[in-house]
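Let me begin by presenting the structure, written as structure tokens, before commenting on it.
Bear in mind that the values here come from a model prediction, so they are computed numbers and not experimental data.
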Amino acid sequence: MDNMFTNLPHFLLGFGLLLLIIEVVMGFTTILLLTLGISLLLTSGLMYVGVIDEAMLDALIAIAVLDAVLTFALWRPLKLLQRDRAPKEVKSDWIGTQFDLDSDVAPGQPGSARFSGVAWTIKSSSSLPKGATVEVVKVEVGILHVQPSH
């Protein structure tokens with residue numbers, strides 16, 4: 001442990017790299033490890049060039065300030081990258097498939113149906129009664145968009 005205090009910039013560099021490697025392995029799921037790792041690397045660099053003294057208190061203050069600034073600056077952009085923007089449309093050969101509804105379906109009230117062994121949420125742009133024969137026009141994950149069959 002004595003080596004950590006006598007060679008603090010090397011310790012901060014190594015620990016910062018370790019946090020960044022963990023963040024990459026986890027697939028950038030946490031923003032904290034990313035900002036903390038970068039803060040440790042920056043603090044280590046500032047110690048090497050002599051901007052910050054090689055003292056534990058100075059290092060902790062610099063890490064806290066850099067981490068706060070990085071978190072504030074990167075929070076919104078990284079959250080936007082992690083967010084799923086819209087439901088993904090499934091490429092399916094189900095388009096045109098016909099089946100009978102198990103419940104009533106209206107534009108504001110989706111119904112449900114067991115079709116091909118799966119319980120699906122059914123959405124339609126028009127009101128459809130239970131038992132009506134419908135045709136699939138669009139498929140999303142867990143959702144079938146239907147219209148009355150002709």
Side-chain angles (χ1 to χ4, degrees), residues 1-97 99 101-128 134-147:
M1 202 61 152
D2 189 40
N3 189 23
M4 179 182 87
F5 294 110
T6 58
N7 202 353
L8 189 58
H10 286 110
F11 175 77
L12 294 177
L13 180 67
F15 194 59
L17 287 173
L18 177 69
L19 290 178
L20 291 176
I21 290 169
I22 291 170
E23 179 70 15
V24 169
V25 169
M26 291 176 53
F28 292 100
T29 56
T30 63
I31 295 172
L32 176 65
L33 292 178
L34 177 68
T35 59
L36 188 57
I38 293 172
S39 298
L40 289 168
L41 293 176
L42 290 174
T43 301
S44 174
L46 291 173
M47 285 182 176
Y48 278 128
V49 296
V51 174
I52 300 173
D53 291 333
E54 290 187 25
M56 184 61 82
L57 181 60
D58 291 343
L60 291 175
I61 291 170
I63 292 167
V65 169
L66 287 171
D67 192 41
V69 169
L70 284 171
T71 301
F72 181 75
L74 296 177
W75 185 267
R76 169 86 71 210
L78 289 174
K79 275 302 196 187
L80 290 175
L81 287 175
Q82 290 177 345
R83 186 174 56 195
D84 193 16
R85 289 186 171 68
K88 293 179 174 59
E89 191 170 318
V90 178
K91 302 286 186 218
S92 176
D93 57 351
W94 290 34
I95 305 297
T97 303
F99 65 97
L101 292 176
D102 293 341
S103 63
D104 293 337
V105 178
Q109 296 179 318
S112 63
R114 292 200 61 76
F115 181 66
S116 185
V118 178
W120 293 88
T121 299
I122 307 296
K123 290 186 177 180
S124 176
S125 58
S126 60
S127 296
L128 301 168
V134 293
E135 180 179 349
V136 178
V137 293
K138 182 178 173 184
V139 179
E140 291 178 3
V141 178
I143 301 171
L144 294 177
H145 293 266
V146 298
Q147 68 182 11

> Among L33, L41, L32, L34, which one satisfies side-chain contact (heavy atoms from CB on, under 4.5 Å) with L19?
Replying inline: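 Between L19 and the candidates, side-chain contact (heavy atoms from CB on, under 4.5 Å) is satisfied uniquely by L33.
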> Restricting to pairs with a member in residues 54-78, which pass ring pair (Phe, Tyr, Trp, His ring centres under 6.0 Å), not counting sequence neighbours?
Replying inline: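 Sorted result for residues 54-78: empty, none.
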> So which pairs with a foot in residues 50-70 pass ring pair (Phe, Tyr, Trp, His ring centres under 6.0 Å), sequence neighbours left out?
Replying inline: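 As it turns out, there is no ring pair (Phe, Tyr, Trp, His ring centres under 6.0 Å) pair with a partner in residues 50-70 once direct neighbours are skipped.
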Would you give the length of the straight line joining atom [atom1] of [X] to atom [atom2] of [Y], rounded to the nearest 0.5 angstrom?
X    : Y    : atom1 : atom2 : result
S103 : L128 : OG    : CG    : 10.0 Å
S125 : K138 : OG    : NZ    : 11.0 Å
I38  : I63  : CD1   : CD1   : 13.5 Å
L70  : I31  : CG    : CD1   : 11.5 Å
L42  : I52  : CG    : CD1   : 9.0 Å
T97  : L144 : OG1   : CG    : 9.0 Å

Can you see which heavy atom on [X] is nearest to which on [Y], and at what distance?
X    : Y    : answer
P107 : S127 : CD-OG, 3.8 Å
T35  : D67  : OG1-OD1, 2.7 Å
S126 : S124 : O-OG, 3.0 Å
V139 : W120 : CG1-CZ3, 4.4 Å
T121 : P110 : CG2-CB, 3.7 Å
D102 : A113 : OD2-CA, 3.4 Å

>> Can you confirm whether F99 sits close enough to I122 that some side-chain heavy atom of one is under 4.5 Å from a side-chain heavy atom of the other?
In response: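 With C-beta onward as the side chain, the pair touches.
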>> Contact between I61 and L57 at the side-chain level, heavy atoms closer than 4.5 Å - yes or no?
In response: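 The answer is yes, as the side chains (C-beta and beyond) meet within the 4.5 Å cut-off.
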>> Can you confirm whether more than 12 heavy atoms, excluding those of Q147, are under 6.0 Å from its CD atom?
In response: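 Check passes, neighbour count above 12.
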Identify every side-chain donor-acceptor pair in residues 8-16 under 3.5 Å, counting partners at least two apart or on other chains, and give the distances.
from	atom 1	to	atom 2	distance (Å)
H10	ND1	N7	OD1	2.3
H10	ND1	N7	ND2	2.5
H10	NE2	Y48	OH	3.0

> Under the 3.5 angstrom rule, does the side chain of T43 hit a backbone N or O of S39 as a donor-acceptor pair?
Replying inline: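 Yes, T43 side chain to S39 backbone: donor-acceptor pair under 3.5 Å.
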